[in-house]
Amino acid sequence: MNCSVLFFAAVKNFSASTTPFHVGVVLNLGTRIGKIGQTSISLAMDEFYASHQHYTTRLVLHTRDSENDVVQAASEVIDLIEKEHVQAIIGPQTSSQAVFIADLCNKTQVPVISFSATSPVLSSIQTPYFLRATLNDTAQLTAIASIARLFQWKEAILISEDTDYGRDIIPYLIDAFEQTYAAISHRSLIVSSATDYQIKEELYKLMIMQTRVFIVHMSAPLGARLFLNAKEVGMMSKGYAWILTDGITNIADSFDPQVIDTMQGALGVKLHVPRTKELNEFGVRWKRRYQKEYPDEDQLEMSIFALWAYDTVYALAMAVEKTSGSNREVLKYIQEEKFNGVSGEFHFVDGHLKLSTFQVVNIVERGGRGIGFWKPDNGLTSASSISDNVGLSPVIWPGDSTEVPKGWEIPVSGKKLRVGVPVNKVFQGFVKVERDNATNITSVSGYCIDLFEAAVKRLPYAILYEFIPFENEHGESAGTYDDLVYQVYLQKFDAVVGDITVTANRSLYVDFTLPFTESGVSLLVPVRESTHKNGWIFLKPLSVDLWLGSLAFFFYTGFVIWVMEHRINTDFRGPPSQQLGTMFCFSLSTLVFAHREKVENILSKLVLIIWLFVVLILTSSYTASLTSIITVEQLQPAVTDVQKLLHDGDHVGCDNVSFIKDLLKQLHFDKSKITNVGPEHYVDALTKGDQNGGVSAIINEIPYIKVFLAQHCKQFTMVGPLYQTAGFGFAFPKGSPLVGDISKEILNIAEGGEKEKIERMWFGDLNACSIDTNTVNSENLTFQSFSGLFIITGAASTCALAIFLALFLSKNWQELKNLDSDKSAWQRLMSWWKYYNKKDLNSHTFRRNKINDLENDSVSANNGNGEKQEECQTENQRASSFSDAKSDEEELEEISCSR
């Protein structure tokens, strides 16, 4: 439509008091969105001022066609500002145009309002005069990532337009997917001018990739051509998943039926606008206006861009009415406008429309079918459920399938998986690479190979693969295991199968399957002769300090009892040599509770009871430990831990092609003490030992050590583990969907017993030697183990001795004090000893013996007087029972009765 016609039509409606406000409109009038926007703008102008006839201001529109060119758009804006003196601009239509125009208008302080430029690069902070009457492209990315997470897709490929609009979204989409632990595995950029051949060529590249989830972010015209070609090459069939951003979804209903047919099964997101009576009535008016302005065109469905364009005119017209004509004031008031327009709540927040709700649609039949919603607070909710029910309604996928795509497939049309395998001349039971010189054919076998093939056979889909040895031109290994794993990261191998240890460093570059072997690094050491063949084995249960401590307490306890019994007990009297022998024999005989001496003192009895309890514990513990040493056959390692090796400065051996050497350096082993020892030299190196040019221990991973010990378990043993690893696993590229499926099948193989069968076929019975990975020396009992018992018996003996001496001194102090008081201290001490060495005739023991002697004499003298004798015996027994409480005179009176 000629812009001059619009201008004169607007002037015709002016009243004398109307103030014009010139507004430039820059659109791509040859595109679908441009035509939709133009129709909405003209309809809004008519309807707004028809219902606001009292307004004193009028918008005067000056429309320009940018011809889908950035330079042309900028040129038109300059012309509008300089010649038409416009005070605001509606447009431009594309993000690439908006980047230039926003900067231009920011310098001239002319507000720019675009209802279709969505690039996140456009910022109201950098260009405050730019307003976006639409949503930022980044607003929808969390919703798209939530869809991928809902269907458990770990990877997706982005197909975008090679423009600012298509490129600017990439980092934000990557971040959104990383938040859901997924990834954008590939980015495909297609130029707007690409031919169908070029589009197909790009699609063919995507077909040979494993990922089957595609996110499409491009303009509608290019998007339509993309799906037409995708349909032709077979990428709109079962197993594929397509997600459309709102740039296409918003106008998908306006596509030609032929294009809609090629998009069947795709998902898309778009702003949700509730269907209301007012919106339906507006739709009727809009279609009528569009048909009037473009009578030769097919009828289009009204899109969200039509609503945003309509509401933009309303917001601008209301803001202009509140101003005095200043551009700055217009910018201020339009950002403050807040009303319910045909697109819903119209309100600017940080320079763009406020985000509310996205609708998830499924392209089926003639257009998009709503299957759910996404809100910032609630996430995804089904269209047929209550708001707090997470999920989506049933989806019809490409190929008219109801089965959720896995998100990846092994491309049948692609090349075989290149599976790298290590070339190792040792431990070939894990991976064995052989070359037939006659046919020049290389064969790969081994435990790891059979396990991998068994897992692949269980997969619900076929995989084509070939094993490629990691070797140089001489048939030798082309590098270390780290180098081999890194080839996957460099995309030279699609996987690595073999005895590959899962380590943290390697996991930075690849993903590992579930480990399929025992984990850990241990010591392989010689076995020393078992201690039970030693003639002095009976000394082993107790440590030296416990032997010495026990003897000391034996003698001390015997001494304490001797001191308390010597004056009152004839068993503890006699010549010095006899007394010394009694003292020691008494204490030692308590070991077998065979002491014949009877103690009389109550304190001695207390000490003896406590000591016998200690002896009982000691003998029981000794017997148990000795029995264990003699009866239990143990492989005693010559080295028990790595710290002993470090302390003694011994040489240790390791495999030069593994990560063990780096581990030894981390454990602070001197480089000169680390010796490269291949498995074929393990026996020789360990037999020689450190002193004879060999090594004291071999440090290697447990699976290797178990294989070695299966043939040498009588000579060597394993100590550890000294370092934990995750075991062996298969390596795949980061994010490979094969990792999860192979890991699941490894578990099934292990649980079904097939893994054990494969292991026996290659290694035999690895548990035949009863390998104990935690072998340690039998610990003997120490003094510290029984320190509590010794403290108790020692304290009891010492306290009893102190009480006895205190009673002795208090009873005999008067005599001792006057004994040889005029002589030297040594002579007095000897006099005291002689006094102590005498019998205590007043003690109960000697008084009882004296009574018994008198009884015997009385019986002999009065042998015939039976009746009297029985009475006296009765009295004597009663006297003996209470002799401790009676005086010597009372006892003698009782004895006289017998005479």
Side-chain angles (χ1 to χ4, degrees), residues 424-430 476-477 480-481 499 520-537 539-540 544 629 633-723 763 766 768-780:
N424 198 347
K425 303 301 182 182
V426 296
F427 293 118
Q428 294 189 2
F430 290 101
E476 299 176 349
S477 178
T480 65
Y481 275 48
D499 47 341
V521 174
S522 293
L523 293 173
L524 176 64
V525 297
V527 175
R528 64 188 181 189
E529 186 177 3
S530 183
T531 55
H532 72 274
K533 298 180 181 179
N534 192 327
W536 297 94
I537 190 175
L539 295 175
K540 182 175 175 58
V544 175
I629 293 173
E633 181 71 27
Q634 292 183 333
L635 294 177
Q636 297 297 328
V639 179
T640 57
D641 59 66
V642 72
Q643 295 301 324
K644 186 176 186 304
L645 295 171
L646 283 169
H647 180 269
D648 296 343
D650 289 355
H651 286 80
V652 295
C654 70
D655 192 344
N656 189 40
V657 298
S658 69
F659 69 97
I660 301 298
K661 182 173 290 187
D662 292 333
L663 171 61
L664 292 176
K665 293 177 181 178
Q666 293 176 13
L667 294 174
H668 306 295
F669 273 93
D670 188 85
K671 186 177 180 180
S672 62
K673 300 296 183 180
I674 302 175
T675 305
N676 295 329
V677 181
E680 67 275 15
H681 301 300
Y682 279 6
V683 174
D684 182 61
L686 290 171
T687 303
K688 287 182 178 179
D690 181 74
Q691 302 299 324
N692 299 309
V695 296
S696 297
I698 301 289
I699 300 181
N700 211 334
E701 295 175 80
I702 290 177
Y704 296 134
I705 295 179
K706 291 183 70 174
V707 171
F708 176 82
L709 288 178
Q711 299 176 348
H712 304 88
C713 63
K714 299 301 181 183
Q715 302 169 266
F716 308 98
T717 188
M718 180 165 55
V719 176
L722 58 92
Y723 180 79
F763 306 118
L766 293 180
C769 289
S770 300
I771 301 170
D772 181 10
T773 60
N774 294 295
T775 300
V776 292
N777 283 328
S778 295
E779 295 291 341
N780 48 15

N/O donor-acceptor pairs under 3.5 Å from side chains in residues 645-653, not counting sequence neighbours:
unit_1	atom_1	unit_2	atom_2	d
Asp648	OD2	Lys644	NZ	2.9
Asp650	OD2	Ser696	OG	3.0
His651	ND1	Asp690	OD1	2.8

_ring pair (Phe, Tyr, Trp, His ring centres under 6.0 Å) partners of Phe708, counting only residues at least two apart_ =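 So Phe708 forms a ring pair (Phe, Tyr, Trp, His ring centres under 6.0 Å) with Tyr682, His712, Phe716.
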
Counting C-beta onward and ignoring hydrogens, is there a side-chain heavy-atom pair between [X] and [Y] closer than 4.5 Å?
X: Asn700; Y: Leu523; result: no
X: Phe427; Y: Pro679; result: yes
X: Phe430; Y: Asn424; result: no

*For Asp670, enumerate each residue passing the salt bridge (Lys or Arg N to Asp or Glu O under 4.0 Å) test, keeping only those at least two apart in sequence or located in another chain.*
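With sequence neighbours excluded, Asp670 shows a salt bridge (Lys or Arg N to Asp or Glu O under 4.0 Å) to no residue whatsoever.
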
*Of all residues at least two apart in sequence or in a different chain, which pass the salt bridge (Lys or Arg N to Asp or Glu O under 4.0 Å) check with Lys688?*
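Result, salt bridge (Lys or Arg N to Asp or Glu O under 4.0 Å) vs Lys688: Asp684.
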
_On a heavy-atom basis, which atom in Val521 and which in Ile699 lie closest, and how many Å separate them?_
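Nearest heavy atoms, Val521 then Ile699: CG1-CG2, 3.5 Å.
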
*If you take all heavy atoms of Ile705 and Ser522, which pair is closest and at what distance?*
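Closest approach of Ile705 to Ser522, heavy atoms only: CD1-O, 3.5 Å.
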
*Which distance, rounded to the nearest 0.5 Å, do you find between the CG of Leu667 and the CG of Asp662?*
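So the CG of Leu667 and the CG of Asp662 are separated by 11.0 Å.
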
_Spacing of CD1 belonging to Ile674 relative to SG belonging to Cys654, to within rounding of 0.5 Å_ =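 One finds 6.0 Å between CD1 of Ile674 and SG of Cys654.
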
*Output, in order, the C-alpha distance, side-chain angles, deciding distance and verdict of side chain to side chain contact (heavy atoms under 4.5 Å, CB included) for Glu701 and Asp499.*
CA-CA 10 Å; Glu701 295 175 80; Asp499 47 341; over 6 Å; no

*Would Leu686 and Gln715 count as a side chain to side chain contact (heavy atoms under 4.5 Å, CB included) if you check the C-alpha gap in whole Å, the side-chain angles of each, and the deciding distance to 0.1 Å?*
CA-CA 10 Å; Leu686 290 171; Gln715 302 169 266; over 6 Å; no

*Name all pairs fulfilling the salt bridge (charged side-chain N to carboxylate O under 4.0 Å, His left out) condition that reach into residues 672-683, sequence neighbours left out, sorted by first residue then second.*
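Listed once each, the pairs would be none.
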
